[in-house]
Amino acid sequence: MPAAPLAGSWRLSGRLWPTLRDAPADAEAISHKLMVRAGMVRQLAAGLYTILPLGMKVIERINRIIREEMDAIGAQELMMPVLHPAEIWEQTGRYPLDEQFRLEDRSGRAMVLAMTHEEIITWHAARELRSYRDLPQSWYQIHTKLRDEPRAKGGLLRVREFQMKDSYSFDRDDAGLDASYQAHTIAYRRIFDRCGVEWHRVESDTGMMGGRGAHEYMAPSPAGEDVIARTADGSYAANVELAVSVAHEPDFGPTPPEPVPFDTPGVGAIDELVSLTGLPAARLSKNLCVVTDDGPVLAIVRGEHQVHEKKLAKIIGPNRAAHPDEIERWFGCPPGSIGPIGVEGVRVIADATIATGHYVTGANREGVHLRGAVLGRDFSAETADIREVLEGETSVVDGQPLVLEKVIEVGNIFKLGTRYSEALGATYLGEDGNERPIIMGSYGIGPARIAAAAIEQSSDDAGIVWPKPLAPFDVHLVLIGAPDTEQAQFADRLFSDLTDLGLDVLYDDRASVKPGEKFVEAELLGCPVRLTMGKRTLPDGPIEAQVRASRRAEEIPVDGAAAAVRELWESLP
RNA sequence: CGGGACGUGGCGCAGCUUGGUAGCGCACCUGCUUUGGGAGCAGGGGGUCGUCAGUUCGAAUCUGACCGUCCCGACCA
């Protein structure tokens, strides 16, 4: 048995801390490799991870920050089951979702595992909240979610079982919801700032939650799965799923009186057309045919743009790319030559940018394109925003240029409205005696994703470089020498002195591990300060301190060592 | 779900093409030496080669199916 913990400090001997020299071959993400190597997590199966004691230290620190800030806005912690009767999910229509784990109990009752907790919290709210006097309320938990993800990936970044801080607000009216939403905005800002990660708050789609307004909290990282568009000062920031921008306007020159055909043998792709015509891609129209249950749809964007599939799907519903033989049937030509002019039986949706200018587009004849096609004159189309914004295009808010950035989603907030309260009968009696649905919001944070994002954002060749607030320990004290030596006695004393000063210390007192190995493992783990106590240190010091981030060596005097270490630690960013 | 790759002691890998005694490094155990940057020497333990079926006198090696894991895409807080 290891020695009992001294506040948040640990003696290392006897503890489970399995580090690895090599990362498992199937780990790809930096955070995944380092978390496994640094003995924080182990994988059980795809998307299922055990968090080891050292990983728990980090998660505990994150959760503590979350609890403090949630409590500070008056949210109340509770805990709901992760095993739910299916009927409740049937009432909101979310029972059949593909991500839902479904099972039966021994009597054959249909059950589900908690994908999220809107249904259950609303079920409780329906029973406990009766009057306008009971509102507003905010309830939260830090608890398990289970999702049958089509593809777990990236280590801890996308998993099938994970802890989430989820909170839910209950208000009388929209103004109340706005206030609860604002309170969460404040709490979230404090949480992510205190965690020491870089983050952006962006406008987001409401996704499977439904509702009417949402933001996501995004930690920039190349390992991220989402992309955001934002201005340098954050005056505009949105997930590209709904980001808008002012497109570059090409010089169109005079508009031809009518479309003019020209030969483009064997040419279909936009870059081939650019070389052939010498025109910028923005003056070509890119025509994409997809198929919905209601038939074919032709989507048109400028040649430099990409159709954003989610934006398109919001307008036309689920769809797939058309097969070449289908295109041949509807347009009478191969995919490279299709265009909007003269087609029948095909719904045409043009991006709003197409409404100005004239374009080179397919003539619906193999090897022929047209110059000078004008929307409204030569063809008709619904216009909508269906393109993905491009880096360098400008903000619709203030004209600043937009940058695109890959990000990890670490939190989100949703204005749910009455979707769940109406479905589950969560109503209250107003002052005027009328029954109304409770107005709800829901708010999520993934603690393990914060940890993973922190590592993605901060590591070097030697290992993790923790932001101070998330480090499993503040100080990593390395003892060189046997337990019965003078330096060991001194290290023991320093260990308890540092702990008394409020620092969490990992005291590497293992007798059987060589100094070099201790140093390497300390850097792999990445606590902000490493102290070395060896024979050399005594009697007069100094004690060597290494600042992990800079790997700079500092000298700590033996007299008043603990206070000096505390001071060094405090001086770090 | 589509495409690709890979499954050999705890981790990293070789062996497979050309079938014939299962190997290397690290880790682990014992002993001695060593103690400020993943120690040295000596000895030792641990593997149904993912599973099943087939071909063969004989399969880690060839064939097939299945399972698992990872990556890209689809999907997704």
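Just so you know, these numbers come straight off a predicted model, no measurement behind them. Numbered from 1 within each chain, the chains take letters A, B, ... in sequence-line order.
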Q: Sequence neighbours left out, what passes side chain to side chain contact (heavy atoms under 4.5 Å, CB included) with A:Arg189? Give chain and number order.
A: A:Ile186, A:Asp193, A:Trp199
Q: Taking only residues two or more places apart in sequence, or in another chain, which ones meet A:Lys310 in a side chain to side chain contact (heavy atoms under 4.5 Å, CB included)?
A: A:Glu241, A:His308
Q: Under 3.5 Å, side-chain donor or acceptor atoms of residues 151-160 of chain A against the rest of the protein: list the pairs with distances, not counting sequence neighbours.
A:
residue: A:Arg158; atom: NE; partner: A:Glu149; partner atom: OE1; Å: 3.0
residue: A:Arg158; atom: NH1; partner: A:Glu225; partner atom: OE2; Å: 2.9
residue: A:Arg158; atom: NH2; partner: A:Glu149; partner atom: OE2; Å: 3.4
residue: A:Arg160; atom: NE; partner: A:Ala46; partner atom: O; Å: 2.9
residue: A:Arg160; atom: NH2; partner: A:Ala46; partner atom: O; Å: 3.0

Q: Using ring pair (Phe, Tyr, Trp, His ring centres under 6.0 Å) as the criterion, list what pairs up with A:Phe490, not counting sequence neighbours.
A: none
Q: B:C1 and B:A14: how far apart are their P atoms, nearest whole angstrom?
A: 30 Å
Q: I'd like a table of atom pairs between the protein and nucleotides 72-74 of chain B - only N or O on both sides, under 3.5 Å - with the distance next to each one.
A:
residue: B:C72; atom: OP2; partner: A:Arg151; partner atom: NH2; Å: 2.4
residue: B:G73; atom: N7; partner: A:Arg151; partner atom: NH1; Å: 3.4

Q: So which protein N/O to nucleotides 31-34 of chain B N/O distances come out below 3.5 Å?
A:
residue: B:U34; atom: O2; partner: A:Lys514; partner atom: NZ; Å: 2.7

Q: Reading nucleotides 9-16 of chain B 5' to 3', which nucleotides get B (base under 4.0 Å from a protein heavy atom), which S (sugar-phosphate only), which -?
A: --SSS---
Q: Which pairs pass salt bridge (charged side-chain N to carboxylate O under 4.0 Å, His left out) with one or both residues in residues 453-463 of chain A, sequence neighbours excluded?
A: A:Asp460-A:Arg548
Q: Extract all donor-acceptor atom pairs below 3.5 Å that involve side chains of residues 524-533 of chain A and protein atoms in other chains or at least two apart in sequence.
A:
residue: A:Arg530; atom: NH1; partner: A:Glu523; partner atom: OE2; Å: 2.7

Q: Tell me which pairs pass ring-ring contact (aromatic ring centres under 6.0 Å, His included) where either residue lies in residues 506-528 of chain A, with sequence neighbours left out.
A: A:Phe495-A:Tyr507
Q: Once side chain to side chain contact (heavy atoms under 4.5 Å, CB included) is applied, do any residues pair with A:Leu103, and if so which ones, sequence neighbours excluded?
A: A:Leu83, A:Met111, A:Leu113
Q: So which of residues 527-540 of chain A are in contact with RNA chain B, with a heavy-atom cut-off of under 4.0 Å?
A: A:Arg530, A:Thr532, A:Gly534, A:Arg536, A:Thr537
